[in-house]
Participant: 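Handing you a structure now.
Chain letters run A, B, ... following the sequence lines, proteins first and then strands; every chain starts at 1. Keep in mind that this is a model prediction, so the values were computed, not measured.
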Amino acid sequence: MSNSTGLNERQQEAVLATEGPILVIAGAGSGKTRVLTERIAHLVGDLGIAPWEILAFTFTNKAAREMKDRLERTIPGATESMWVGTFHATGVRILRRHGEAAGVKRDFSIHDADDSAGLVKSILSRHPNDARFIKSPRVLRDIISRMKNDLIPPSLAAQRAVGAGEERVAALYAEYEKELRRQNALDFDDLIMKVVELFAASDEARETYARRFHYVLVDEFQDTNAIQMAMIDGLSSVHRNLFVVGDDDQSIYSWRGARVEHILEFEHLYPGTKVIRLEQNYRSTQTILDAANGVIEHNRGRKGKRLWTDAGAGEKVHISASADDESEALTVIEIVRREVESGTALKEIAILYRTNAQSRALEEALVSHGKIPYQLIGTVKFYERAEVRDVLAYCKAVANPADDISVKRIINVPRRGIGKTTIDQVETWAVEHGMSMTDALRDPGLGLSAAAATRCRQFLEMFDGLRRAAETEVAPHVIDAILKATDYMKYVTEAYPDAEARIENVEELLSKAHGYAEGAEDKSLRAFLEEVALVADVDNMDFDSGQLTLMTLHNAKGLEFSTVVVTGLEEGLFPHYNSIDDPAAVEEERRLFYVGMTRARQRLFLTFAGMRRRMGLMEGGVPSRFLNEIPERCLDAPVDAVYSPPRSMFPSRATSSRWTGGRPFVDEYAQPEAPEDNTDAPESGAGSSGAAYAVGTRVIHDRFGKGIVRRVEGRGEQTRVTVIFDAGGERKFLVQYAPMRPL
DNA sequence: TGGTAGAGGCTTTTT
DNA sequence: GCCTCTACCA
């Protein structure tokens with residue numbers, strides 16, 4: 001066996017077991033990436049398997065690139081014909097070749113999440129009655145996405161619909177699909193789903209791939225959803241050499257349809273599966289592992305494993321409390337400063353948080369401190385900036401003129417006097433006649449006013465010129481032509497006060513296109529767009545630039561750092577409000593915390609704040625239940641000991657907050673509650689004023705007005721009530737502090 | 001048609 | 001607290 005020295009017994013077993021279905025349960029830091037690459041190297045280098053007979057799925061493009069790089073170092077040239085990529089990228093590859101058998105035209109556009117939401121929005125605008133019952137286009141889009149990921153087509157959704165609401169959702173879903181087809185576009189989910197449909201429709205297509213791929217490997221298997229599983233199953237249906245690596249404890253994407261069950265049930269799905277467990281950790285200290293193990297053991301739905309290391313105990317996990325999010329940020333800076341002082345490189349430090357919104361306080365503190373260079377992953381993504389999206393919308397429309405979402409975005413940018421009225425008119429005509437908007441513009445029956453018609457004709461002339469350019473020119477030249485034809489830079493200069501930064505972004509897009517054209521085989525605009533559509537923010541992370549990294553816990557998956565700070569460990573934030581009532585959701589939050597903790601090699605810091613600005617309001621919080629789940633011997637101080645900041649820190653801040661109305665700092669730690677059995681019991685709790693609340697009590701809140709108590713939890717000082725307000729909305733309060741009384 | 005100001009919604013996580 | 005959408009006026 002080549003290059004496999006230094007592997008432990010279990011790892012070697014995983015590398016060498018090449019035939020049949022294999023499930024590797026790989027704990028955090030157990031060297032799974034190494035096993036994956038060694039295994040491929042073994043297949044190619046020792047067994048003489050052709051690279052093009054191997055297919056490997058990774059979670060991000062970055063992971064794919066890294067795997068290829070590692071392989072290239074072992075076996076130069078091996079990865080050229082090997083398929084290593086995300087499910088989405090692989091789906092596109094298959095659909096460009098064989099999509100037509102599933103009704104997918106070759107020049108399809110890829111609609112990203114924003115495009116899809118825009119499409120849903122325009123559908124809802126045609127159904128004002130439905131729009132009233134659906135909170136936002138995004139919500140409906142997410143519902144549709146979930147159905148697609150669960151392999152539910154519109155017809156099945158309609159069949160299964162219970163009640164008028166679900167029937168309408170199914171109908172809107174059907175219309176959404178119809179619109180995508182009219183626009184010759186696929187959304188993210190389609191990139192996988194259409195492959196599954198293709199395989200179902202054409203055995204020939206399926207077998208073409210299944211015969212070719214003798215070995216199929218899947219990384220991060222715990223985060224695959226139903227369509228991905230169906231795709232994997234189809235692709236491995238001939239040779240059945242399916243090798244999946246995952247960790248049920250690190251499943252954090254159930255909200256995207258991912259199913260841990262795929263790991264838990266793999267052995268039943270694929271009889272004869274060999275299961276290999278990797279539990280030796282090569283990353284963290286024993287103390288960090290003990291802390292993480294202690295937390296994750298509170299979950300029920302897991303296969304169960306216990307990570308160990310021979311790296312030694314190391315330092316205790318550090319816990320610190322701050323009065324509010326601003327001082328938490330200062331604490332973080334202080335931690336970073338000391339780490340750097342003691343010789344840790346900035347690029348070896350990561351600050352993690354549950355929600356992107358938390359990055360603001362941290363970033364502001366870093367900016368005013370001014371001496372710590374940092375990179376922020378994931379907030380305003382490059383490809384989501386308005387100016388970048390504008391230029392890309394031109395590209396997409398030029399590559400696929402049926403792409404109405406893109407056409408609508410650019411038809412009046414820069415301003416050319418084609419306003420809302422005209423656009424609506426064109427769109428209505430297009431939808432009614434089943435044609436694209438650009439075709440509708442050419443339709444003599446459209447009947448625009450003379451002035452509007454002239455402007456539209458001018459637009460079309462320019463647009464057609466760009467189309468001709470796209471047929472022959474490489475991507476960067478087409479973008480150049482777009483910028484010139486529209487005088488886009490001049491528009492940006494005039495339209496935005498921060499034009500300079502925006503121009504830089506456009507220039508960066510252009511240079512990305514140049515870079516792409518230099519390396520890629522297919523230099524066409526369409527190919528470039530494909531590349532761009534599938535990159536995630538994580539793909540652009542740079543860990544060699546000597547900067548501190550700030551990102552969400554989700555983004556930290558698969559990474560490791562010498563020092564990790566997990567911030568915002570408060571009930572309601574982590575675990576998040578939206579999860580707190582659902583035990584399964586809390587377990588996922590716990591897994592997310594587990595993922596965060598196990599990113600750390602040497603030192604782990606956990607911080608929380610007594611008050612936090614949330615959507616503009618100050619809200620108080622108690623330490624996360626997760627902190628109490630860490631064995632005390634692993635901590636440098638007991639949670640409740642750090643959680644008693646001097647009261648004097650508070651009044652001035654608290655009284656200035658609109659939300660708390662000067663409520664005092666909660667200074668005792670609230671124990672996580674026993675499973676609640678009093679959900680609807682009319683149990684009363686005593687408020688600070690001695691007022692009693694029961695389910696159904698009418699109340700008045702100083703800020704939110706009148707409402708009715710829906711739920712009472714806890715007792716004594718910890719009594720919390722959930723109130724539905726007449727004005728709409730539902731909120732949970734600690735009775736003791738809420739400016740509220742019974743009516 | 002385009003500009004502006006005020007209201008309202010939003011924030012859980014993303015390929 | 002910020003961003004986006006809408007309504008209204010020029």
Side-chain angles (χ1 to χ4, degrees), chain A residues 57-64 85-92 110-114 116-118 121 125 135-139 141-142 145 148-149 187-192 220 223-225 227-228 251-258 325 352-361 364 377-381 383-384 386 412-424 449 451-452 455 495 533-539 551-557 568 572-580 582 585 588-589 591-593 595-596 612-619 658-659 727-729:
Chain A
F57 288 111
T58 58
F59 196 72
T60 60
N61 296 297
K62 183 167 182 274
T86 62
F87 284 98
H88 295 87
T90 306
V92 171
I110 299 170
H111 278 354
D112 67 14
D114 276 350
S116 303
K121 197 179 159 210
S125 74
K135 270 193 217 144
S136 76
R138 275 221 114 85
V139 170
R141 195 207 75 93
D142 288 347
S145 173
K148 287 184 156 192
N149 282 300
D187 67 15
F188 268 159
D189 304 318
D190 285 337
L191 300 180
I192 301 164
E220 307 282 8
D223 286 320
T224 53
N225 59 35
I227 34 174
Q228 291 166 341
S251 169
I252 55 175
Y253 283 92
S254 73
W255 48 274
R256 211 165 79 187
D325 46 357
L352 308 180
Y353 37 80
R354 178 66 180 83
T355 68
N356 275 310
Q358 288 165 254
S359 68
R360 175 164 295 145
E364 279 170 7
I377 311 295
T379 32
V380 197
K381 296 168 189 160
Y383 290 107
E384 284 174 13
N412 199 33
V413 174
R415 299 257 134 78
R416 45 177 77 89
I418 304 176
K420 194 177 180 312
T421 321
T422 310
I423 294 173
D424 281 350
S449 71
R455 297 189 200 111
L534 299 175
V535 298
D537 211 41
V538 248
D539 295 330
M551 65 186 148
T552 62
L553 286 136
H554 280 88
N555 269 324
K557 173 167 141 167
L573 187 61
F574 197 17
H576 197 271
Y577 292 105
N578 299 1
S579 305
I580 234 158
D582 175 1
E588 177 142 323
E589 298 277 314
R591 290 193 292 269
L592 188 57
F593 184 42
V595 167
R612 186 175 296 277
R613 192 171 281 284
R614 221 180 108 76
M615 281 194 258
L617 302 169
M618 267 309 211
E619 286 185 20
R658 281 185 281 157
W659 171 234

Participant: Mind calculating the distance between CZ (A:Arg138) and P (C:dC5) to the nearest angstrom?
Facilitator: 11 Å

Participant: Can you list the steps and then say if A:Asp142 with A:Arg256 is a salt bridge (Lys or Arg N to Asp or Glu O under 4.0 Å)?
Facilitator: CA-CA 9 Å; A:Asp142 288 347; A:Arg256 211 165 79 187; over 6 Å; no

Participant: So A:Asp112, base contact, sugar-phosphate only, or nothing? Heavy-atom distance under 4.0 Å.
Facilitator: nothing

Participant: Select base, sugar-phosphate, or nothing to describe what A:Phe59 touches, counting heavy atoms under 4.0 Å on all strands.
Facilitator: sugar-phosphate

Participant: Measure from the side-chain heavy atoms of A:Ser136 and tell me the nearest of B:dC10, B:dT15, B:dT13.
Facilitator: B:dC10

Participant: Provide, to the nearest angstrom, the distance between the CD atom belonging to A:Glu384 and the P atom belonging to C:dT4.
Facilitator: 11 Å

Participant: From the options B:dT15, C:dG1, B:dT13, select the nucleotide whose nearest atom is closest to the side chain of A:Phe188.
Facilitator: B:dT15

Participant: Once you apply a heavy-atom cut-off of 4.0 Å, does A:Asn412 come out as touching a base, just sugar-phosphate, or nothing?
Facilitator: sugar-phosphate

Participant: To the nearest angstrom, how far is A:Gln358 atom CD from C:dG1 atom P?
Facilitator: 17 Å

Participant: If I take atom CZ in residue A:Phe57 and atom P in nucleotide B:dT15, what distance separates them, rounded to the nearest angstrom?
Facilitator: 17 Å

Participant: Take the protein atom CZ of A:Arg614 and the nucleotide atom P of B:dT11, then report the distance between them rounded to whole Å.
Facilitator: 11 Å

Participant: Measure CZ/A:Arg416 against P/B:dG2 and give the value in whole Å, please.
Facilitator: 11 Å

Participant: So does A:Glu619 get a backbone contact from the side chain of A:Arg614, meaning a donor-acceptor N/O pair under 3.5 Å?
Facilitator: no

Participant: A side-chain contact here means heavy atoms from C-beta on lying under 4.5 Å apart; do A:Gln228 and A:Phe57 qualify?
Facilitator: no

Participant: If I take atom CD in residue A:Glu588 and atom C1' in nucleotide B:dT13, what distance separates them, rounded to the nearest angstrom?
Facilitator: 8 Å

Participant: Does A:Glu589 offer a backbone N or O that forms a donor-acceptor pair with the side chain of A:His576 under 3.5 Å?
Facilitator: no

Participant: For a quick check of understanding: with a heavy-atom distance under 4.0 Å over all strands, which category does A:Arg360 fall into, base, sugar-phosphate or nothing?
Facilitator: sugar-phosphate

Participant: Reading DNA chain B from 5' onward, which residue's closest nucleotide shows up sooner: A:Asn578 or A:Thr421?
Facilitator: A:Thr421

Participant: Could you say whether A:Tyr577 or A:Gly417 is positioned toward the 5' end of DNA chain B, judged by the nucleotide with the nearest heavy atom to each?
Facilitator: A:Gly417

Participant: Of all the nucleotides listed (B:dT15, C:dG1, B:dT11), which has the minimum atom distance to the side chain of A:His88?
Facilitator: B:dT15

Participant: Could you go step by step and tell me if A:Phe574 and A:Leu592 meet the side-chain contact (heavy atoms from CB on, under 4.5 Å) rule?
Facilitator: CA-CA 9 Å; A:Phe574 197 17; A:Leu592 188 57; 4.2 Å; yes

Participant: Here's a test of your reading of the structure: between A:Glu364 and A:Lys121, which maps to the more 5' nucleotide of DNA chain C?
Facilitator: A:Glu364

Participant: Between C:dT4 and B:dT13, how many Å separate the two C1' atoms, rounded to a whole number?
Facilitator: 22 Å

Participant: Could you state the NZ-C1' distance from A:Lys420 to C:dT4, rounded to the nearest angstrom?
Facilitator: 15 Å

Participant: What do you reckon, do A:Tyr253 and the base of B:dT14 stack, with centroid distance below 5.5 Å and planes below 30°?
Facilitator: no

Participant: Kindly point out which of B:dT15, B:dG2, B:dT13 is positioned nearest to the side chain of A:Thr552?
Facilitator: B:dT13

Participant: Does the side-chain contact (heavy atoms from CB on, under 4.5 Å) test come out yes or no for A:Ile110 and A:Leu191, once each step is laid out?
Facilitator: CA-CA 8 Å; A:Ile110 299 170; A:Leu191 300 180; 4.1 Å; yes

Participant: Output the single nucleotide from B:dT1, B:dT14, B:dC10 whose closest atom is nearest the side chain of A:Asn555.
Facilitator: B:dT14

